[in-house]
Structures are given as C-alpha cells and as structure tokens.
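Indexing begins at 1, ligand by ligand and atom by atom, following the structure's order. All values derive from a computational prediction rather than experimental measurement. Start at 1 with the first residue, then count along the sequence.
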Amino acid sequence: MIIVMQHGASAAQIAAAVSRVEGLGYKASLIKGEERTIIGVVGDDRPIDRSQFETLDGVEKTMPVLKPFKLASRDMHPMDTHVNLNHAPVGGPRIAVMAGPCSVEGRSQIIEVAHMVKEAGAVALRGGAFKPRTSPYSFQGLGEEGLRYLAEAREATGLPIVTEAMSVEQIPVVCEYADVIQIGARNMQNYDLLRAAGKANKPVLLKRGMMSTIEELLMSAEYVLAGGNAQVMLCERGIRTFEKYTRNTTDINAIPVLKQMTHLPVVLDPSHGTGKWEYVAAVARAGIAAGADGLIIEVHQNPTEAMSDGAQSLKPEKFAALVRECQAVAAAVGRG
Ligand code: PEP
Ligand code: MN
C-alpha cells in the first residue's frame, strides 16, 4: 500500500507515519514529490488495516498497490526515476545512447571504438568481458583482462562502462571496473544474481529474457529494488517468435506498456532485437518514437571479423548516421 501525505505535511508528521510503518515490521520507502510525499509500505502488507494510517495527522489517504511488483510500479512511485550514468541521466528528457562492441576483443579494439562511439554521440560504452554463449566452443570473452581494457577505454574517453555479470561471483569484479552491471536476457530470472545486484552500489541494466513476459521482467526488477538498489534500467532486447527473417522480434509494444507500468527508465536494444545490422537503425528510430529513454547498440570497427554478434553490429559511420536520424525522431516526440 501507499500512504499519501497531505500537501504541506510536516517532517514530524511524515516521521510519525514512517515509524508506524516500521513499528509493524515493514520497510518504508519515502518518495518526496514536488507536491506531496508518498510513503510506500514494502513487503506483504495484506494483513495491515489501512484505516489506522488514515487517522494520523498529515495523512491524506492510503491506497493498495494491487500490482505484484510494488517498488517498480508507478502507483508507488509516480515520477520517472533517473538513473545516473556519470553526467548523463537515463530517464530524463534526453535519450541516452550506449554503444560499443558485443565483446571486448583486445585493448586497442575497445579503446579505438570507444573514441568512435563517443564522437558519434554515445554517453556510455558497452562491451562484454564475460560472454553468455550458446556454444561452449565459442569465444567466451576476455574476463578480467577485458574489464581492465574497458577501464582503460573509460580513462581515455570519459565514457562510463556497461558490462555483463553472469554470476553472483562476478558482481564484485564487475563493480570494481565498470559503472553499470548488465544482467543478460539468459539471466533475467537468476534470482540469486538479481539479489546480489540489489546489494551492489552500481546501476543495473536488466535485459528482458527472450521468453519472458513484461510482468516477469518487472518482477525481476522488483528483486533488485527490494534488495535496496533503486538504480535499475529495463531493456527490451527482442523476444523469440516464429519469425525467421530476424534473430528476435523487437517487442515495440513493451516500451509504452513499461512506461505506463513503471517509473524505471526503458532502454531498447535493436541490435539483439533484430540480429541484422541493416534493420538496426529503423528499429532504433521506432523505439525512440515509442518512448524509449535510451538505446544500446552494438558497434564494431570491422563487423565481419567480430568475435561475437558481427551480423548485427554497425560500422562506426553507420552508427553515427543512426544517432543523427534518432535526433530528428527524438525532437519530433519532444525529447533531446
Ligand atoms: C549482449 O548484450 O551482448 C547480450 C549477450 O545480450 P542479451 O543478454 O540480450 O542476449
Ligand atoms: Mn551481443
């Protein structure tokens, strides 16, 4: 449930309501809006009699949160959450573009492409050091060596780093080198990993599982939020359908649905969403038009030689063109 405080409720009245919540054994999540403060009651609050709060001074009303995801829901937190990527907030008026190769392949490769994507307008560098691959014989990523190269690329360009942690054990080393922990599609329902990310002090980019519903994505985000980490971005990266001309089917619907259901920023990955570089820009434009707060795009200097996902990787000049096209679409929908 949420407790909506009256406009102008005093700090003492808010504190009294919070202590009543905590006295019942629940956690109170305070959301201070411009108009009024909302107190979210976190946990299974079904046994609580809401009327006991309505008689407290300064309380306007209480409302049940009926959705199974509480902290992620807009009922609990009406204003958009901004996730801080250094100086570029994701979820605000400006669309954040994250870009880089699928995998870190070497020191000069990642530093060179980092400069290229920055030049084109990216605000963060992506690149996998721990790679979830379908085949155990495929390139598995450079591991910690790759993380070191990513950190060098940040040093050289100032771009914050987005990289995947595939297991609970990898979270500390990813946090040591990177700025954003990516949780991949295959791990969206790895609840131990979600709980560990909830305890980390870095933002999380949570990718939708390829066979997961929007509600399951929100429930996974709830694990991270319930662990105490409020900095979560959701990523639509395409789902499996019967269609064979593309690798996945980008669920454009998910963008407005998520924007309605949750305050968390929504990022689109048209690279994995299509699996073919020639469709990436069109779907990126569609994502911005549909209300996405950010894009994450695979870019490689020489896609035919890429060690993973070359078919969906853009050459740097194609990526620069995509950013220009997206600027026009962003302006058309009142974003920057
Ligand atoms: C990736 O970003 O390279 C990746 C492996 O993504 P996903 O988890 O969406 O397949
Ligand atoms: Mn990839």
N or O contacts of ligand 1 with protein under 3.5 Å, please list pair by pair.
unit_1	atom_1	unit_2	atom_2	d
ligand 1	2 (O)	Arg126	NH1	2.8
ligand 1	2 (O)	Arg126	NH2	3.3
ligand 1	2 (O)	Gln182	NE2	3.0
ligand 1	2 (O)	Lys207	NZ	3.0
ligand 1	3 (O)	Arg126	NH2	2.9
ligand 1	3 (O)	Lys131	NZ	2.9
ligand 1	3 (O)	His272	NE2	3.2
ligand 1	3 (O)	Glu298	OE2	3.2
ligand 1	6 (O)	Lys207	NZ	3.0
ligand 1	8 (O)	Ala185	N	2.7
ligand 1	9 (O)	Lys207	NZ	2.9
ligand 1	9 (O)	Arg237	NE	2.6
ligand 1	9 (O)	Arg237	NH2	3.4
ligand 1	10 (O)	Arg186	NH1	2.9
ligand 1	10 (O)	Arg237	NH2	2.8

Between [X] and [Y], does at least one N-O distance fall below 4.0 Å, as a salt bridge requires?
| X | Y | value |
| --- | --- | --- |
| Lys259 | Asp293 | yes |
| Asp80 | Arg74 | yes |
| Arg126 | Glu298 | yes |

Please check: side-chain N/O of Asn229 versus main-chain N/O of Ala200, any donor-acceptor pairing under 3.5 Å?
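Such a contact is found between Asn229 side chain and Ala200 backbone.
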Among residues at least two apart in sequence or on other chains, which ones pass salt bridge (charged side-chain N to carboxylate O under 4.0 Å, His left out) with Lys70?
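Not a single residue meets the salt bridge (charged side-chain N to carboxylate O under 4.0 Å, His left out) criterion with Lys70.
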Rounded to the nearest 0.5 Å, what separation is found between the OG1 atom of Thr262 and the CD atom of Glu222?
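CD of Glu222 is found 9.0 Å from OG1 of Thr262.
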Nearby protein N/O/S atoms (those under 2.8 Å) for the Mn ion (ligand 2), with water ignored:
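Counting only protein N, O or S atoms under 2.8 Å from the Mn ion (ligand 2), the list reads Cys102 SG, His272 NE2, Glu298 OE2, Asp309 OD2.
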Minimum heavy-atom separation for His300 to Ser313, with atom names?
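Smallest heavy-atom distance, with atoms named: CB-CB, 3.9 Å.
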Other hydrophobic cluster members with Val18, side-chain heavy atoms of Ile/Leu/Val/Met/Phe/Trp/Tyr under 4.5 Å, chained?
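Via sub-4.5 Å side-chain contacts, Val18 links to Met1, Ile3, Met5, Ile14, Val21, Leu24, Tyr26, Leu30, Ile39, Val41, Ile48, Phe53, Leu56, Val59.
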Lys202 and Asp179: CA distance, side-chain angles, deciding distance, salt bridge (charged side-chain N to carboxylate O under 4.0 Å, His left out) verdict
CA-CA 6 Å; Lys202 291 283 160 87; Asp179 302 280; 5.3 Å; no
